[in-house]
Structure formats: C-alpha cells, structure tokens
There are 2 protein chains.
Amino acid sequence: MSSPSATGRVAGTRRSREISIADIARVAGVSHTTVSRALRDSPLISQETRKRIQQLALEMGYTPNAIAQSLQTRRTSTVGLAVTSIADPFLSEVVRGVEEVARSAGLSVFLSATHNDPEQEIAVIETFHRRRVDGILVASSRITGEYKQRLDQIRVPTVLINSQAESQYELLHWVAVDDLLGARLAVEHLLALGHRAIGYVGTSSRPRSCRQRLEGYQAALASAGLAPREEWVTIMAAEEASPQEDVLCGRRALLRQLDAGVTAIFCQNDMMAIGVLMACHRRGIAVPRELSVVGFDDIEMASCIIPPLTTVRQPRIELGRLAMQVLLDLLHEQEGRNHVLAPMLVVRESSAPPPAS
Amino acid sequence: MSSPSATGRVAGTRRSREISIADIARVAGVSHTTVSRALRDSPLISQETRKRIQQLALEMGYTPNAIAQSLQTRRTSTVGLAVTSIADPFLSEVVRGVEEVARSAGLSVFLSATHNDPEQEIAVIETFHRRRVDGILVASSRITGEYKQRLDQIRVPTVLINSQAESQYELLHWVAVDDLLGARLAVEHLLALGHRAIGYVGTSSRPRSCRQRLEGYQAALASAGLAPREEWVTIMAAEEASPQEDVLCGRRALLRQLDAGVTAIFCQNDMMAIGVLMACHRRGIAVPRELSVVGFDDIEMASCIIPPLTTVRQPRIELGRLAMQVLLDLLHEQEGRNHVLAPMLVVRESSAPPPAS
DNA sequence: CAGCCATTTGCACACGTGTGCATTGGCAGC
DNA sequence: GCTGCCAATGCACACGTGTGCAAATGGCTG
C-alpha cells in the first residue's frame, strides 16, 4: 500500500541549543535581566537599549521559550479539550468554535479523544493536569460521581459541553443546548402535520441527551392528549459514540419502528436519522410520502442528503465559542455563568403529512 | 438566545500552589533528589524508601509538573498539528489518526487552524515553536519558498500531509496520496463505462492536488486517444478551503460543464461532487442516468447521499497515522521515510454508462 | 582493626525566564 | 562640594524537576 520514495536528510546533526535571552545578553553586553525587560517593553529600560535589544533578538532569530515562561509565571496559556470522537461532524464544529476563540485569546488547545469511555476521559484529564493547562473543556462528558472529588482536588477551571453525566456537580461549569425544548419542537412539528403515531429512536451511548429528548418527546405527545406507547420508543444499546455506530443503530431501529406502526420517527441525532433513511431506501420506503423522519443536530450532511433532512439545529460553533468564552471568564477570575442555548427547528423535505390510510 | 441559569462557585479562592516533590520530601524527611529518583523508579533508591515515597505521593495527590520536566529534559512530549479547517470531514479523519498514534506514544497534540492562509500557517508554526513542541505536522500546507529558510532555522522535525505547496523542499518530510493515480482510476472508470466527453472540476484553493488530479485526468484521456478540450476543465477560484466553499464551487460549476457538453464529471473532491449533485437535483437532472459524477476522498458523507457517490478513496486515517509515525521515527533519531499512499476506486451509484444519444 | 567497596542519600547546579531589591551614575538644588 | 533624587541596570532568587558528583553509612575482607 505504501511505497518509500525520497529519503529526507537524516536528523543526525542534533538540533543545537535554541538561543536564549542569555545569548542575546552576552552579545549586547548587558545582563539577561535587561534583555528580559527590553523584550517585554518594560519602561525600566531606556528607549534606546530597548530598541537595540529587540533588533538584536530579531536578527538572532530568537523565539521565547514558553516552557520557561510558564514555569515562572505559573500560567501556560493552554487549555485542554476532550471530545468523545474527533471525526464526529457534530463535535468537529464545536472544536472549531473552541479553537477559534482560544486562538484569538492567545491560548493553544490540546485536543484528545476519550472514545466515550469514562476511564479514558479521566486519563485525558489527568494528562491535561500534568501539563498544567489553565483550563479544561469536556464535550459530552461521562465523568462519574466518584471522580468528582479528584476533579475538586485538581481545581482546574472546567467547563462541560453538553454533558452526558446524569448527576450535575455545582463545582463544574457547563454550556448545553436545551434538549427538552428541541425534542418538543420536533415532535410538535410532526403533530402539526397530522401524525398521531410517532416513534422515538435513541442510543444508550449518550444517556443524558437520550433521556432529555425522550422526555421532550413524551411531553409533546402528552400536550396533544396522546398517550405514548411503549413500543414506539426504541433505545439502541451502544457503547461507542461514533457516527458509524449511530448510523448502524438507525438502520437497525427501522424494523422495530415499522412493527410498532408509526408514521413518523424522531431520532436522537442526524446520524441515526440518516441510518433510518438508508434503511428506508433499501426497503423501498418513500420518505416523506410513506414515512416522515426528523433528526437532531443539523450537521452539514443533513442538508446534503436526499431528501434533505428536517431536523433540530444545535448552534454547534456557538456552543464551542461560548464554552471557551465561559472558560476565559473563569481564567480572568470572573464568575462563570452557565448557559442553556435554544435549538431551532429546521424544516426540510423529510417530513410531510402522514399517508391517508 | 442564551439564558443564564445557575452560577458556579466563584473562583475566588485562588488555586493554591500544586504540591511538588519538595513537599513530599519534607513530609518524608528526605531530600527532593530522593523523591525525584524514587518516583522515577531509580535503582539508586532502596526498594523500601521507593515504595514509601510512591505511596506518599499517591496519598498527597501529587501530579508531576510536565512544564518543569520539559524545561529540564528539553523535551515536551508534545506535537503541533496545523490544519486548514477543523470541521473539514477529510481532515477530521486525518486528525483522528494523528491523535490516535500520538496518544499511544505518550504525546499530546496541539491543534490549530490555518484557514488555508499562508500567513496564519506561519503564525501557527511559530506558536508551536515557541511552545517548544518536539515535532510539527502540517496538513495541506501552503508554505512558500521564502519561509523555508526560517523553518530551516527553527529545525523542528516537520512532516507535511498532502502538501499543497508547489515547490518541494528536501529538508521537510511528507506523506501524501498519489493524486495522479487516483485521478486516472476515476477517469478510466468513466472511460470504461463508455464516456467520451468527461469534465474536470477543481478549485484553486488547493493548487497542488488540483494540478496533479488534472494531470491524471489528462493522462487518462490521452491514453484513451482522446484530446482533452479546454472547455471541459473548470477550475473555480476560491481562497478559503472549507467544505461549504467547496460545495458552492461544485454547484456553480455545473452550468459551465453542461455547456461544454460533457456526459460525466470528475470532481477534485467529494464536497464539490456533492455540490454538483445538489445542482443536478435542483435542475432536475437525473444522476447517473443523464450525467455521471465521480468524486475524490470518500468521506463518510459520500456513502450516505443519494445516489451514493462513486469516488476515489483516500486512506484518511492511515494518512494521519502514517504521518505521525514518520514523525515518531524522526523523534527517535531515525531517518524519516517519505510515503506515497495509493488511493482506491470505490464504485457506487453516481456513475453509469452515458445516455444513448 | 584498617581499608575497600557497595549501597544509599544529599548537595549543588542546570534548564530559561521574570522580578524585588540593591547598585550605579548622572544631574539638579542648596 | 555635598546631598538627594531619578533613571537605568544588575544581582540574586524563584519556578519544579533531573542528574553528576561527593558524602555518609555499613558490611566485608585482608
């Protein structure tokens, strides 16, 4: 599969030591103190020497050693971002938002994947701590209660994004989308179209959003005077929280939903909805004529597939930006405010009135 | 849009100093030297005190300070990864592969976006250097010749992934997919189906892969004894290298391609192909009956859309893994071998014989 | 019993930068 | 000329960890 081609120059000549302020000091005939101050534009240093030293630093190709600075100042200007899956289209946008804000604030971002495994999540956070990040962001966290006290001990400002842990914790900050509202918007849309038998397809890999969206679904049905039937709800068992897995869950769920006799399906997320659509395509079921399908998230793909998916839009980039903003506030010793973002219904072409029976 | 909800505990109680090996030494009644050695399992320390100190460290909740370690050892166990766009489905997988290998080697990854802007790419690399990363990975690099000498000065092991820079540079290492071969596979597939008027749609935002795929396209046509016509080739001007932009380019390109009278279109990547498909959908053109469309990359979405896209699969995760592996070799003072990965044709349902005219 | 060696521990310095305080030199005011 | 003040610079230490070398201890051998 792979073929060697060119061979780069061997890294034999060991990387010579980087030049430091001491080197500049030697050349300039001053102390390293003066250089340090000159480079930071300290008013203690005369305009003249300041310019001279800055010029010299430039000529010598000096790059400040952030490691040494961090050790001294006890701030690394670094944050850790833990996500369940890097290739998840939903999380990609969140990461993008985080990086965007972090970068403009002069912070660098460590990215690590947890694969939806609490153990790995803890390991990732410990690594972040070891590297003395100034703050930590965790998307779809599944940290359990027993680890909370360790987090308390570490005492690094932490913000959770759409936490999947069932128990909240007053020490942690968070940013999340209102799942309950989103689910209600979706189901009310289907009800308004005339559907009466509406199914819900969720996954156990994200327990909290699954439960909350289920509750929103049930609330909407109840408001319409409908008693939700047990067989309308399909929760697929899954450990991994990957797009592939979600699609598979969606595909597998279709049969059960059809057996339950629903005319519309509300899915926990877009990938599962796409799985349902693919299964429909395979079985020759016309969407939305015979069956309506609604997703959740509004990932890029939702508008690209055929039929374009009716879904609930989560402000994904905004979620990342906001989480990073909250973390910035915490780093500036301000109190961090938690946020609940409102999702939005996006009607496309995968939903329509039920077939006249 | 957002509503404040709970208010977290104010971070007022300033994070007390982390405990250090000196603290452990004090409690254990030994010197910090002994603690340092004991924690690193040095044979210089007696089994007994080693155990005792390790136990103590555990009880006191000690976490080694990687910053201080880095300053001392001059290795940060850190790599920088620069990508043009974080939310790009192609790059997401590459990032995933990189992170996977890096993590299993005990390295942490800094992630930064360059937005396909050489200036920002340089700034990102400078930041990585300031943080003294052990190595740098750049996906879709656009670094120009004049910056090369600066890179030479920095002297950080660097590996390029699918570099878009036209001029190669012997000091840098790289991993790439064989664009020329991929394009030939795609076009030969269309030729085998009977197409004779085949178009090419590319974008100027990734000049190198655009050129190479164009060359592969031309080579395939030439091999079939066809003289490629100028109007069959559409290169869309674009600065940004984002999925959205690519889709737009694809949509806009369709008209020109139809005017040129082609019966099949080979696109520089899947997002552009999706753009073409969407434009077809809008104009009521049936794919593949009236027009065949072939993409490049084989992103997740390619198999989810309707019709499922015929495309050229790039081993994306493998690309990331391999790049990181080459970097690891370089870090271990071994010579780094450059690699060319072979892409693979994936035939789905967006390609078929041309309509009988 | 002296001397040697192995084992275990600590001293002191290094990594590169930031900063409180002391020091130096120049100049104005008396 | 002396004093006081201000501007400019340097000394020395700190941040937390790793390591070469010296030192202490104890056991063993000649």
Side-chain angles (χ1 to χ4, degrees), chain A residues 14-54 56-57 60-78 106 129-134 154 156, chain B residues 14-54 56-57 60-78 129-134 154:
Chain A
R14 188 55 190 150
R15 208 162 133 193
S16 57
R17 226 183 69 258
E18 299 277 346
I19 69 152
S20 67
I21 56 172
D23 298 323
I24 301 179
R26 206 167 303 121
V27 175
V30 295
S31 71
H32 85 273
T33 307
T34 301
V35 176
S36 171
R37 292 205 175 104
L39 294 181
R40 331 191 91 244
D41 263 330
S42 160
L44 284 179
I45 305 300
S46 71
Q47 183 79 14
E48 183 192 11
T49 43
R50 229 189 298 173
K51 288 297 162 208
R52 184 166 60 95
I53 289 176
Q54 289 176 359
L56 198 55
M60 296 175 68
Y62 169 73
T63 306
N65 185 325
I67 297 297
Q69 289 176 326
S70 297
L71 185 59
Q72 169 65 235
T73 62
R74 291 159 154 194
R75 299 192 85 250
T76 55
S77 297
T78 281
H129 176 47
R130 196 163 50 77
R131 297 205 180 277
R132 296 296 189 270
V133 297
D134 292 337
I154 289 180
V156 180
Chain B
R14 188 56 191 147
R15 210 160 133 194
S16 56
R17 228 183 68 257
E18 300 276 346
I19 68 152
S20 68
I21 57 171
D23 298 325
I24 301 179
R26 207 167 302 122
V27 175
V30 296
S31 72
H32 85 274
T33 307
T34 301
V35 176
S36 172
R37 293 203 174 106
L39 293 181
R40 332 190 91 242
D41 263 330
S42 160
L44 285 179
I45 305 299
S46 71
Q47 182 80 15
E48 182 192 14
T49 42
R50 227 188 301 173
K51 288 297 162 206
R52 184 166 59 96
I53 288 176
Q54 290 176 359
L56 199 55
M60 296 176 67
Y62 169 73
T63 306
N65 186 327
I67 297 296
Q69 288 177 327
S70 297
L71 185 59
Q72 169 64 235
T73 63
R74 292 160 155 197
R75 298 192 85 251
T76 55
S77 295
T78 282
H129 177 48
R130 197 163 48 78
R131 298 204 178 280
R132 295 298 187 270
V133 296
D134 292 337
I154 289 180

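Each chain gets a letter, A, B and so on, in the order its sequence line appears, and its residues count up from 1.
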What nucleic acid atoms does [X] come within less than 4.0 Å of, heavy atoms only: base, sugar-phosphate, or nothing?
X     : result
B:Q72 : base
B:S70 : nothing
B:T33 : base

[X]: which residues meet the side chain to side chain donor-acceptor pair (under 3.5 Å) condition with it, sequence neighbours left out?
X     : answer
A:T73 : none
A:S36 : none
A:R26 : A:D23
A:S42 : none

Which residue lies more 5' along DNA chain D, comparing A:P43 with A:H32 via nearest heavy atoms: A:P43
Contact nearer the 5' end of DNA chain D, comparing B:A66 with B:R37: B:A66
Along DNA chain D, first and last positions that approach a heavy atom of chain A under 4.0 Å: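 Contact span on the strand: D:dA8 to D:dG16.
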Dump every N/O contact between nucleotides 23-26 of chain C and the protein below 3.5 Å, one line per pair.
none

Report the distance from atom [atom1] of [X] to atom [atom2] of [Y], rounding to the nearest 0.5 Å.
X      : Y     : atom1 : atom2 : result
A:R130 : B:I67 : CZ    : CD1   : 10.5 Å
A:M60  : A:S20 : CE    : OG    : 8.5 Å
B:H32  : B:I24 : NE2   : CD1   : 12.0 Å
A:Q72  : A:N65 : CD    : CG    : 12.5 Å

Of residues 22-30 of chain A, the positions that come close to DNA chain C - non-hydrogen atoms, cut-off under 4.0 Å: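 Nucleic-acid contacts, sorted: none.
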Axis deviation across the helix from C:dC1-D:dG30 to C:dC30-D:dG1, five-pair ends, to the nearest 10°: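 The end-segment axes of the helix from C:dC1-D:dG30 to C:dC30-D:dG1 are tilted 70° relative to each other.
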Earlier contact from the 5' end, DNA chain C, for A:P64 and B:S31: B:S31
Pairs where residues 32-48 of chain B contributes a residue and the test salt bridge (Lys or Arg N to Asp or Glu O under 4.0 Å) is met, not counting sequence neighbours: B:D41-B:R50
Listed partners of B:T34 passing side chain to side chain contact (heavy atoms under 4.5 Å, CB included), at least two apart: B:V30, B:S31, B:I45, B:I53
